[in-house]
*Asks:* 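Please find one structure pasted underneath; my questions will follow.
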Amino acid sequence: MDKSFVIRHTVEAHPDLSIPDPHQDAFVRTTLGFWMYLMTDCLIFASLFITYAVLHHETFGGPSSRELFELKLPFAETMALLLSSVSCGFAILASLKNKKNKIIGWLIVAFLFGAAFVGMELHEFNGLLQQGHSWRKSAFLSSFFTLVGTHGLHVSIGLLWMLVMMAQVFRNGVTLFTFRRLVIFGMFWHFLDLVWIFIFTFVYLIGVL
Amino acid sequence: MQPVEVIYFREYIAMLFPKGMIALEERNLLFILQAIMLLIVIPVYILTFIFSWKYRATNKKEIYDPDLVDNKLAEYLWWGLPFVLTCIICAISWIKTFELDPYKPLVSDKKPKTIQVVALQWKWLFIYPEEKIASVNFLQIPSHTPIHFEITADAPMNSFWIPHLGGQIYAMPKMKSVLHLIADEEGDFRGSSANLSGEGFAGMHFITRASTEDDYQQWVAATQQSMQQLGFEEYEQLALPSTDNSEEVYQLQDEDLFDRILMKFMAPKGQ
Amino acid sequence: MFGNLTWEAFRHDTIQSMAVISMVFGGIGIAALLFYLKRWKWLWKEWLTSVDPKRIGIMYMVVVLVMFCKGFSDALLLRMQQAFSVGDSQGLLEPGHFQEIFSAHGTTMIFFVGMGIVFGLANLIVPLQIGARDVAYPFLNALGFWLFAMAAILSLVSLGIGHFSTAGWLAYPPLSGLEYSPGEGVDYWIWMVQIAGVGSTISGINFLATILKMRCPGMTLKKMPIFVWSILCCMVMVIFAFPILTATLYMLTLDRYLGMHFFTAGGGGNFMMYVNLIWAWGHPEVYILIFPAFGTFSEVVATFSEKRIFGYLSMVWALIIIAVLSFIVWLHHFFTMGAGPEVNAFFAVMTMVIAIPTGVKIFNWLFTKFRGRVHFSSPMLWFFAFLLNFTVAGMTGVLLSAPPVDYQVHNSLFLIAHFHGMVIGGVLFGFFSAFTYWFPKFTGLVLDEKLNKYAFWCWFSGFLLAFMPLYMLGFMGATRRLNHYDATTGWHPLFVLAAVGALIIFFGACIQVYGLYSTLKNRSKHRDRTGDPWNGRTLEWSTASPPPIYNFAIIPTVNQLDPVWAMKRDEAPRPVCHYEDIHLPINTAIPLYMGILALIFGFAMTWHIGWLSIVSFIGIVTLLILRLSGHDEHDVMTVAEVKKIEAARGSYG
């Protein structure tokens, strides 16, 4: 294809969503695709949940969930994640008003709460491993570490994503692209919160009862 | 190539010419289902040929109706008729699945004989707990007697299959599967593993000898005098990987050998 | 430094060495040719960094053809082994090698041929048939392709370095666990399937969004071609099924790499869970494979009967019902695992119910011919082959879905004959039909009809000869995956017949390759300048052959099904000749780089080369962040250039 006639064309931002935007299509397409991705992620977690349900009695002579779990730390983790989600929500609200500094500020808060969550989870895992309850010991421990650990991995990836978003907003402000990406990040972050609620309920709460 | 014995070829076709009641029932179900399906499929084939030939492009005589895209009656017919036939097939299969459940004991006036089966790498171990004997790659059973097989494995997943007598069931470590079979004729029937379990998998075939009750008792008595003993230590040796094992018979030392094999995977070693 | 990789990994037996050497020389030959013709830049610009779905679709087809050669060579070796390895003879292959070959054969054919066909056809046909210029996510589309292609290359690497898995194409534990398969084989399998699976999921999201959001004005869901419907349902199945595969392989990986106990025999593991999960993916997968074939036949039968497809609504509902039901039948793959009669009977009933909508489709295809004008061109011939072979295989499928029958024939050659009837009779014949039908659209050349017909007869008769004996062998108690058997079983003559059938198929495949070569060599004789050699009905036939990069200079507006047919009968509005600037996404090398890094990552993980795994993984993440930090850049094609391309259409080539 002869490219001599072609104009390299960079699409600029259009933050005012009340004005009809030819790129609104792109926004809807992106969010739709991301919902589909979230559904696939949901299915991955569902498979891990089902496996946990089948295997959580298989302690192979070792301690069961009742003996190992306590609720204080998971409850604190829940709070951390919830507060992080709320902060993230405020960040997106700020982006609707094009307030760059507020966005970054709330993202930092969300980051700190998220990091606290990961820190607490690592502390819990470390404690279990120190006591010799490693994932090599039984199917129950394998499925526990995997289910909770995979969620923690997703949260860590979200934290990295948050840093990238902070950098982008800092450099470019609210553009069409940063806004779109903030929205789907928000979807991701709230989704992880939802998965955690299930983990807290079915792994810790029911595990302890 | 080894010389092939001159036998009626049908002796080879285990599933279509079975030697046991279970296999016979399973075969008959296949015939019934196939017959019902042919009721639809044969007309489909005929119509394919008729329509393709009759309406071929070079045949200008036939009606050409490019807008004929729907016909309510036709739709009702080919949703409805397959639906009815499928209901029939489902009903038959449902009933037969319960009747031919491998876990279901066979109705017979003879007392069922229990034989325990262990799939190893890459041979079959048969344990006769009542007679206190065991054999490798050779199974002898009395004919016209229901056999209650308890099956496990000390190996990857295998499948215990004697096609002349009936269908298979998986032999899995830590699990006990149950299969009920009965031989309605005397003879030697080939059995094998039907699930890939490693390098020596192709060698996991064995002879099932269905003999008269007297011949069976003779064989049991002779085996009880066997020089070879099978206790748990000898079993550990036997369980090591080996291929193309010859047929062996043993006196059974540990009556609960089968249960001990099952328990191997239940708790950490030493408990 | 190199993990578990040693020089030992490069030592192979004669047959494998020959295969590796020919592969390496083939690769060197192609590279040399490119240097000689000075075409590297062209390859880079026009193909490797392209985000044009037409280009990506053709690249999918190239990978499919290469991997089909590998998979088919595997098949020939297996058939030869089983024809010769009887009694005292051990055949040509060691047991371990034989087991590697059938594992590779299944993996290659399902993941690299089957899925390649699915996404190749989707890329080529869907945007054109919905009147769109592009797919929803061009970058992700390219990424999905390169992950697929690199996973295929990883499978070729496994041929030359180390050994492949001997645990079958689905790698059941405990056999595939660390205890019974400690080597690199299963790890190779895990990473190539995992990488290809992620690629499939990404492409699935892409095409679902494309069909939902990018149809041209007037094309409501009920005016879409049935092929697009089949891809729509197919992509929904992909999105729901592939995550299960990802999670299951993830857990097997954790078992093997971190000593976990998901699927081990000891430690409380439950390998039956793996069987359930893998088939919860595996059954929808086989429907994913067949749906494009169903869609193709709807197009082909309609076009070559000069009639609209009969019972459009029925056909759509049949597709939807099959797609939904495909998720609740998975247990029929292991009735013999001892779940009990209640569970077995439920899944048996569900499986049999799927036969109803499938039968409905066949009736609708037949009645499309009723009072039509049937042409016996090669796409239609493949439909006949499909009808005859797929129906037989379908019947045996219903037989297999009755648990008591399945107890006898499960894992026997009866099962092998059944599913090969489905994948060869269904997927492959559907692909050949699609290939002969749409090849003119993307090359401007019509394939040699005579050679097509010879190839068809070879495939059809070869298939019958190669697989009908296998049904009988199943009845005779022959299990699958045997590298040797005794003469007393009486199986030998049937295995020889099957081997002859495989050779006839091979001959047919050779004719097809020659036909491709001959068509390309005698271009002038096969040139089609109309863009519509078959008197087509759907939108792709209104473009030039091959279509310009933007597909449609003017986005069409449709008012009914089969819009081009409607235009020919003056029932549709002619497009208004008002050109506008066209925005096109620019080329990008990032999907290619990410694919290469994924290949390196898979290789490094297989051989436990820690530093390389970490480096390549960080590379992938970095590229992703780079991409997601950029701004959308577009090329704009001005009205003048569009006019020039459209004017040149008359005298193309």
Side-chain angles (χ1 to χ4, degrees), chain B residues 1-2 4 9 12-16 25-26 29-30 33-34 37 40-41 44 47-48 51-52 55-57 63-66 68-70 74-75 78-79 82-83 86 89-90 93-94 96-98 100-101 156-157 159 163 167-170 173-174 177 190 192 194-199 202 265, chain C residues 86-87 95-96 99 168 172 174-175 180 265-266 271 306-308 310-312 314 336-338 341 344-345 348-349 352-353 355-356 359-360 362-363 366-367 369-375 387 391 395 398-399 402-405 407-408 410-412 475-477 479 481-484 487 489-490:
Chain B
M1 213 173 96
Q2 288 173 352
V4 179
F9 194 67
Y12 291 125
I13 311 178
M15 189 176 172
L16 298 183
E25 292 285 320
E26 286 164 350
L29 178 61
L30 182 145
L33 294 178
Q34 181 63 68
M37 284 192 286
I40 297 249
V41 169
V44 165
L47 277 181
T48 308
F51 284 177
S52 308
Y55 298 105
R56 66 193 184 282
I63 308 168
Y64 171 51
D65 190 354
L68 181 63
V69 292
D70 214 344
E75 296 280 5
W78 62 60
W79 279 100
F83 178 74
T86 304
I89 292 181
C90 287
S93 301
W94 186 282
K96 285 294 175 185
T97 303
F98 277 85
L100 295 168
D101 173 22
M157 206 154 65
S159 188
Q168 62 189 276
I169 197 159
Y170 279 175
K174 207 172 67 162
S177 335
R190 185 179 187 275
S192 67
N195 195 63
L196 177 69
S197 54
E199 198 167 322
F265 302 96
Chain C
V86 61
Q99 296 180 344
Y172 279 8
L175 181 61
Y180 294 110
F271 46 84
E306 296 192 44
K307 250 182 89 201
R308 200 158 274 173
F310 195 93
Y312 178 89
S314 260
T336 54
M337 207 156 78
N344 278 354
V349 166
M352 290 173 183
V353 169
I356 302 175
V360 164
I362 294 183
F363 281 115
L366 276 188
F367 274 80
K369 294 192 201 183
F370 182 72
R371 295 198 179 158
R373 284 210 208 106
V374 178
H375 298 264
L387 199 67
T391 308
M395 281 198 293
V398 174
L399 291 177
V405 177
Y407 297 154
Q408 276 282 41
H410 174 68
N411 266 354
S412 70
F475 288 149
M476 292 168 78
T479 310
R481 297 171 167 166
L482 291 175
N483 60 285
H484 177 268
T489 54

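Order of the sequence lines fixes the chain letters, A, B, ..., with proteins taken first and strands second; residue numbering starts at 1 for each chain.
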*Asks:* Can you tell me how far apart CG (B:Leu68) and CZ (C:Arg308) are? Round to the nearest 0.5 Å.
*Replies:* 12.0 Å
*Asks:* Is B:Gln34 reaching over with its side chain to a backbone N or O of C:Leu399, donor-acceptor style, under 3.5 angstrom?
*Replies:* no
*Asks:* Under 4.5 Å heavy-atom distance to chain C, tell me which part of B:Val44 shows up: side chain, backbone, both or neither.
*Replies:*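 Contact with chain C is through both the backbone and side chain of B:Val44.
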*Asks:* Using the side-chain contact (heavy atoms from CB on, under 4.5 Å) rule, take B:Phe51 and C:Val374 through it: C-alpha gap first, then chi angles, then the decisive distance, then the call.
*Replies:* CA-CA 9 Å; B:Phe51 284 177; C:Val374 178; over 6 Å; no
*Asks:* About how many Å separate OG1 of B:Thr86 and CE of C:Met352, when rounded to the nearest 0.5 Å?
*Replies:*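 Between atom CE of C:Met352 and atom OG1 of B:Thr86 there are 9.0 Å.
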*Asks:* Measure distances from B:Lys96 to the heavy atoms of chain C and classify the residue's part below 4.5 Å as side chain, backbone, both or neither.
*Replies:* both
*Asks:* So which residue, B:Ala74, B:Cys90, B:Pro82, ends up with the most heavy-atom pairs under 4.5 Å with chain C?
*Replies:* B:Cys90
*Asks:* Name the option with the most non-hydrogen atom pairs under 4.5 Å to chain B; the candidates are C:Ser412, C:Gly338, C:Gly359.
*Replies:* C:Gly338
*Asks:* Locate the shortest heavy-atom distance separating B:Leu33 from C:Ala402; write the atom from each residue and the value.
*Replies:*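 Scanning both residues completely, I find the closest heavy atoms to be CD1-CB, 3.4 Å.
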*Asks:* Taking C:Asn411 for its side chain and B:Ala194 for its backbone only, find out whether a donor-acceptor pair lies under 3.5 Å.
*Replies:*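 Such a contact is found between C:Asn411 side chain and B:Ala194 backbone.
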*Asks:* Partners of B:Arg56 by salt bridge (charged side-chain N to carboxylate O under 4.0 Å, His left out), sequence neighbours excluded?
*Replies:* none
*Asks:* Side chain from CB out, backbone as N, CA, C, O: work out which of these in B:Ser177 comes under 4.5 Å of a heavy atom of chain C, or both, or neither.
*Replies:*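 Neither the backbone nor the side chain of B:Ser177 comes within 4.5 Å of chain C.
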*Asks:* Can you check whether C:Val405's main-chain N or O pairs, donor with acceptor, with B:Glu26's side chain at less than 3.5 Å?
*Replies:*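 Answer holds: no.
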*Asks:* Given the options C:Pro174, C:Pro404, C:Gly266, C:Gly477, which has more heavy-atom pairs under 4.5 Å with chain B than any of the others?
*Replies:*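 Highest number of pairs under 4.5 Å: C:Pro404.
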*Asks:* Quick one: does any side-chain atom of C:Tyr407 pair with a main-chain N or O of B:Leu100 as donor and acceptor, under 3.5 Å?
*Replies:*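 The answer is no, because no donor-acceptor pair under 3.5 Å joins these two groups.
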*Asks:* So, taking the atom named OH in C:Tyr312 and the one named CG in B:Asp70, what distance separates them when rounded to the nearest 0.5 Å?
*Replies:* 13.0 Å
*Asks:* Under 30°, 30 to 60°, or over 60°: which ring-plane class applies to B:Tyr55 and C:Phe370, parallel, tilted or perpendicular?
*Replies:* perpendicular
*Asks:* So which of C:Arg371, C:Gln99, C:Met337 has the largest heavy-atom pair count under 4.5 angstrom toward chain B?
*Replies:*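 Of the options given, most contacts go to C:Arg371.
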*Asks:* For a 4.5 angstrom cut-off between non-hydrogen side-chain atoms, does C:Tyr172 reach B:Pro156?
*Replies:*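 In short, these two side chains do not touch, never coming nearer than 4.5 Å.
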*Asks:* Of the listed residues (C:Thr489, C:Val398, C:Asn344), which shares the most heavy-atom pairs with chain B below a 4.5 Å separation?
*Replies:*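 Maximum pair count with chain B is reached by C:Thr489.
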*Asks:* Please name the pair of heavy atoms, one in C:Asn483 and one in B:Ala202, separated by the smallest distance, quoted to 0.1 Å.
*Replies:*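 In this case the closest contact between C:Asn483 and B:Ala202 is OD1-CB, 3.3 Å.
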*Asks:* Where is the tightest heavy-atom contact between C:Phe271 and B:Pro173, given as atom of each residue plus distance?
*Replies:*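 Heavy atoms of C:Phe271 and B:Pro173 come nearest at CZ-O, 3.5 Å.
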*Asks:* Between C:Arg481, C:Lys369, C:Met395, C:His484, which shows the greatest number of heavy-atom pairs under 4.5 Å with chain B?
*Replies:*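 Ranked by contacts with chain B, first place is C:Met395.
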*Asks:* Would you please classify the geometry between the B:Trp78 ring and the C:Phe363 ring as parallel, tilted or perpendicular, with 30° and 60° separating the classes?
*Replies:*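 Parallel.
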*Asks:* Just give me the residue among B:Tyr64, B:Trp94, B:Phe83 that pairs up with chain C most often, heavy atom to heavy atom, under 4.5 Å.
*Replies:* B:Tyr64
*Asks:* Output the option from B:Leu196, B:Leu29, B:Ile40 having the highest count of non-hydrogen pairs under 4.5 Å with chain C.
*Replies:* B:Leu196
*Asks:* Which is it for B:Trp79 and C:Ile356 under the side-chain contact (heavy atoms from CB on, under 4.5 Å) test, yes or no, and what are the steps along the way?
*Replies:* CA-CA 7 Å; B:Trp79 279 100; C:Ile356 302 175; 4.1 Å; yes
*Asks:* For B:Gln168, is it the side chain, the backbone, both, or neither that has a heavy atom closer than 4.5 Å to a heavy atom of chain C?
*Replies:*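 For B:Gln168, heavy atoms of backbone and side chain both lie under 4.5 Å from chain C.
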*Asks:* Can you say whether C:Ala348 sits under 4.5 Å from chain B via the side chain, the backbone, both, or neither, judging by heavy atoms?
*Replies:* neither
*Asks:* Using heavy-atom distances under 4.5 Å, tell me whether C:Phe475 contacts chain B through its side chain, its backbone, both, or neither.
*Replies:* both
*Asks:* For the interface with chain B, which of C:Ser314, C:Pro95, C:Gly168 has the highest count of heavy-atom pairs at distances below 4.5 Å?
*Replies:* C:Ser314
*Asks:* C:Ile362 versus chain B, heavy atoms under 4.5 Å apart: side chain, backbone, both or neither?
*Replies:*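 Only the side chain of C:Ile362 comes within 4.5 Å of chain B.
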*Asks:* Counting C-beta onward and ignoring hydrogens, is there a side-chain heavy-atom pair between B:Tyr170 and C:His410 closer than 4.5 Å?
*Replies:*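 Heavy-atom side-chain distance check passes, below 4.5 Å.
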*Asks:* To the nearest 0.5 Å, what is the distance between OG1 on B:Thr48 and CG on C:Leu387?
*Replies:*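 B:Thr48 atom OG1 to C:Leu387 atom CG measures 4.5 Å (nearest 0.5 Å).
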*Asks:* In Å and rounded to the nearest 0.5 Å, what is the CZ to CE distance from B:Arg190 to C:Met476?
*Replies:* 10.5 Å
*Asks:* With only heavy atoms counted, which part of C:Glu306 is less than 4.5 Å from chain B, the side chain, the backbone, both or neither?
*Replies:*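 Its backbone and side chain both get close to chain B.
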*Asks:* Which atoms of B:Ser192 come close to chain C, meaning under 4.5 Å heavy atom to heavy atom: side chain ones, backbone ones, both, or neither?
*Replies:*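 The side chain, not the backbone.
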*Asks:* With B:Glu199, which residues qualify under salt bridge (charged side-chain N to carboxylate O under 4.0 Å, His left out), at least two apart?
*Replies:* none
